[in-house]
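Working notes, structure below.
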Amino acid sequence: MGKHLKSFSGRLTRTIIIIVLVIMAIVSLLAFIVTATGLYTSFKRHFADAIAGMSQSITANLEKVEISAANIADEVSWHVSSPEDVISALGYEIEVNRNLTGCGVGFVPDYFPSKGRWFEPYASFTGDGPFVRDIGGASHDYHSSEWFTSGLTSGKGVWSKPYIDDDGAGTLLCTYSLPITDSLGRVVGVMGADLSLLWLMYLLHDIDVRENSINLMPALFGKEDLGVYSFILGPNGEYIAHPDRSRSLKGESFFDYADDSGNDKYRLLGESMCKGETGADAVKMDGRRYSVFFAPVSDSGWSMALAVPFMSLLGPALLFGSAILLIMLLGIMVLFGVSRRAIRRFTRPLVQLADSATEVAHGKFDAPLPVIESDDEIRLLRDSFGNMQQSLSKYIADLTETTAQKASIESELEVAKSIQMAMLPTTWPAFPDRNDIDIYGSLTPAKAVGGDLFDFFMRDGKLHFCIGDVSGKGIPASLVMSVISSMFRTLSASEDGPDKLVSAFNSSMAERNENMMFVTFFAGEIDLATGELRYCNAGHNPPFLLVDGKPQMLTTDANVPIGIVPGWKYSLQKITLSPGTALFLYTDGLTEATREDNTLFGEERVCDRLSRLATTASSNEICAYMEDAVKEFVGDAEQSDDLTMLVIRVLLNHM
């Protein structure tokens, strides 16, 4: 027997050690993959966030120029009848719009006969204040300039390609052009707001320095330049800004270098940027493989990109992952030596305990446990198994009793649900012998029983109806619902006036409302001979009217719900319904239906879905359509509140 146990212990020891080694090896490999992937993803996320932030920063600066340009264009248009007034307006505007490098207006040939063929007043701000001068002339024929021609034909604001303005700002800039019209609406010139590109160059330089500094590759390999750089393209792929300034100065295009890339992904990247898309792609540029992150710059048509060498992303991830893998492998070796001795020592007493535990696992809760002489954790484990046997025996007995009680409760709830649903109208069509009214209602409780109600009946040629929602859910709400439903039938059989009916409900409930429950309630009556709707709303969701297929919310007074304020005077409202008008009533289970991301269905969606219905849709079809709309919206989310709807459509002309 001893040899057998010793042999079993040895086999168990070897098996456990092998399992531990395999698990640790898998864990080490997974740790390497997760660490490398996580770091790589973190770097990618950083650069994606960086390009988004850079794009927003540039967008903000361009929007300032566009807003200033629009204001200046409006001001110039007011003074377009006088060259002196135009010059004065430009001088004032350049002083209040200091974010501009300069601004000017180029007029069509001979617009001001006294000024000749060319008249281009240009304003800039110097240390002495605003300075306006006419820079138009034969040597500066702005009529052929891109900023002027595009401004005349575009009909809206447009950014020019980069250029050096020797006569105006005297620097590398882009111009935002807007057409200038006279009092008759004719385009008589173009207003150009200049934005120096030097700030853009400096911004890109600062970004490149910052993004290079966040990477660990220089510290690991002793490199100072990783090659991370940013650039901006125009709508047609022309370079707006690039670390190599000659590309923008010479008017070069991103696509001019497509043949050097040696792959189609380069051209596809340029096309995506020109389309104003946002994303990232791996391409070969300038003989090196890059991960390029790009995003549009507002409505300028520009697109900004951050080019990161592929190894700058992957290298740190591989290094960190390899370091962690090496550390874990060393840990495995240490664990092997320690575990081998410890397992051999402690496995013998566990064999008998494992056998006893197996019997317990198969349902033999009174199986005898081995006697453990040692006073240590194994003895504690043995005692724990003993306690577990007793607890399991008691648990099984309690579970059997609880299961029986639960089955009884569920059976009673089903009976309660049947009783509650029987109190609601269930026969459709409700009035088969009448052709002047179409009515349908539905109630879907969130629990076995609910607190919503609706009811209606015909008396003296009038349709009396109501809908309500009791605060809370479950059995308490269902009891209040039953009381209100019974009172509606009893009181409205002899009481005229929805306001009087609601006041009676409030008086009865407010007197004995120790649990502070309340009911939102809408009561109404329709005179089918005249189409007059008399109604009273006690804090309930205002219903919708569908007139010729167009939904509109019914106006309701701000009355408090039933049961809150004793003696509240409820108001009565009236409206006449035209033939074909449908009245859509509902509880907040519709508007507050919630999907998994906590978004509510809301009144706007209710109105939108109602507007899609055919004008001839029946009340049944309207309810079914809205139920399907809610189910599609919430998806797999659990219903949180009772959902009740009541639709009433008046069909015939009133006599």
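Nothing fancy with the numbering, it's 1 onward along the sequence.
Looking at every heavy atom in both residues, Ala593 comes nearest to Val630 through CB-CG1, 3.8 Å. Arg649 approaches Ile622 most closely through the heavy-atom pair NH2-CD1, 3.6 Å. The heavy-atom pair separating Thr278 from Pro296 by the smallest distance is OG1-CD, 3.0 Å. When all heavy atoms of Gly151 and Val158 are compared, the pair lying nearest together is N-CG1, 4.2 Å. The heavy-atom pair separating Phe294 from Ser303 by the smallest distance is CB-OG, 4.4 Å. Heavy-atom minimum distance, His79 versus Val86: O-CG2, 3.2 Å.
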Task: Derivation of the side chain to side chain contact (heavy atoms under 4.5 Å, CB included) call for Leu100 and Ile94 - done: CA-CA 7 Å; Leu100 300 179; Ile94 195 63; 4.2 Å; yes
TODO: Starting from the C-alpha separation in whole Å, work towards a yes-or-no answer on side chain to side chain contact (heavy atoms under 4.5 Å, CB included) for Arg289 and Val283.
DONE: CA-CA 6 Å; Arg289 190 178 181 188; Val283 298; over 6 Å; no
Open item on the list: Could you walk me through whether Met273 and Met304 satisfy the side chain to side chain contact (heavy atoms under 4.5 Å, CB included) test, starting with their C-alpha distance in whole Å, then the side-chain angles of each, then the deciding distance to 0.1 Å, before giving a yes or no?
Closed with: CA-CA 8 Å; Met273 293 181 65; Met304 185 172 188; over 6 Å; no
TODO: Verify side chain to side chain donor-acceptor pair (under 3.5 Å) between Ser82 and Glu84, making sure each step is shown before the conclusion.
DONE: CA-CA 5 Å; Ser82 168; Glu84 289 75 17; 3.3 Å; yes
- [ ] May I have the step-by-step check of side chain to side chain donor-acceptor pair (under 3.5 Å) for Asn559 and Ser571, ending in yes or no?
- [x] CA-CA 7 Å; Asn559 292 315; Ser571 58; 3.2 Å; yes
Task: Derivation and outcome, side chain to side chain donor-acceptor pair (under 3.5 Å), residues Asp597 and Thr599 - done: CA-CA 6 Å; Asp597 62 356; Thr599 302; 3.0 Å; yes
Task: Residues Val188, Thr181; criterion side chain to side chain contact (heavy atoms under 4.5 Å, CB included); working and verdict - done: CA-CA 5 Å; Val188 299; Thr181 58; 5.9 Å; no
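Salt bridge present: Lys265 and Asp281 bring a charged side-chain N and a carboxylate O closer than 4.0 Å.
Of the inter-residue distances, the one linking Thr520 atom OG1 with Asp588 atom CG reads 6.5 Å to the nearest 0.5 angstrom. Atom CD of Glu603 is separated from atom CG of Leu590 by 9.5 Å, given to the nearest 0.5 angstrom. Going from atom CZ of Phe601 over to atom CD of Glu592 covers 13.0 Å, rounded to the nearest 0.5 Å. With rounding to the nearest 0.5 angstrom, the CD atom of Gln552 is 9.5 Å from the SG atom of Cys607. Between the OH atom of Tyr625 and the CZ atom of Arg609 there is a distance of 6.0 Å, given to the nearest 0.5 Å. The CG atom of Asp608 sits 4.0 Å away from the CZ atom of Arg612 when rounded to the nearest 0.5 Å.
Side-chain rings of Tyr142 and Phe107 stay apart, their centers remaining 6.0 Å or farther from each other. Centroid-to-centroid, the aromatic rings of Tyr266 and Phe254 come within less than 6.0 Å. For Phe255 and Tyr257, the distance between ring centers is not under 6.0 angstrom.
For the side-chain contact (heavy atoms from CB on, under 4.5 Å) test, residues two or more places apart in sequence or in another chain that qualify with Glu596 are Asp636, Ala637. With sequence neighbours left out, the ring pair (Phe, Tyr, Trp, His ring centres under 6.0 Å) criterion links Tyr535 to Phe522.
For Asp548, the CG atom counts as loosely surrounded, since its 6.0 Å shell holds 12 or fewer non-hydrogen atoms of other residues, nucleotides or ligands. Atom CZ of Phe633 has more than 12 heavy atoms from other residues, nucleotides or ligands within 6.0 Å.
Between the side chain of Asp134 and the main chain of Glu120, a donor-acceptor pair closer than 3.5 Å is present.
Just one residue in the list Tyr122, Trp147, Tyr176 forms a side-chain hydrogen bond (donor to acceptor under 3.5 Å, both in side chains) with Asp194, and that residue is Tyr122.
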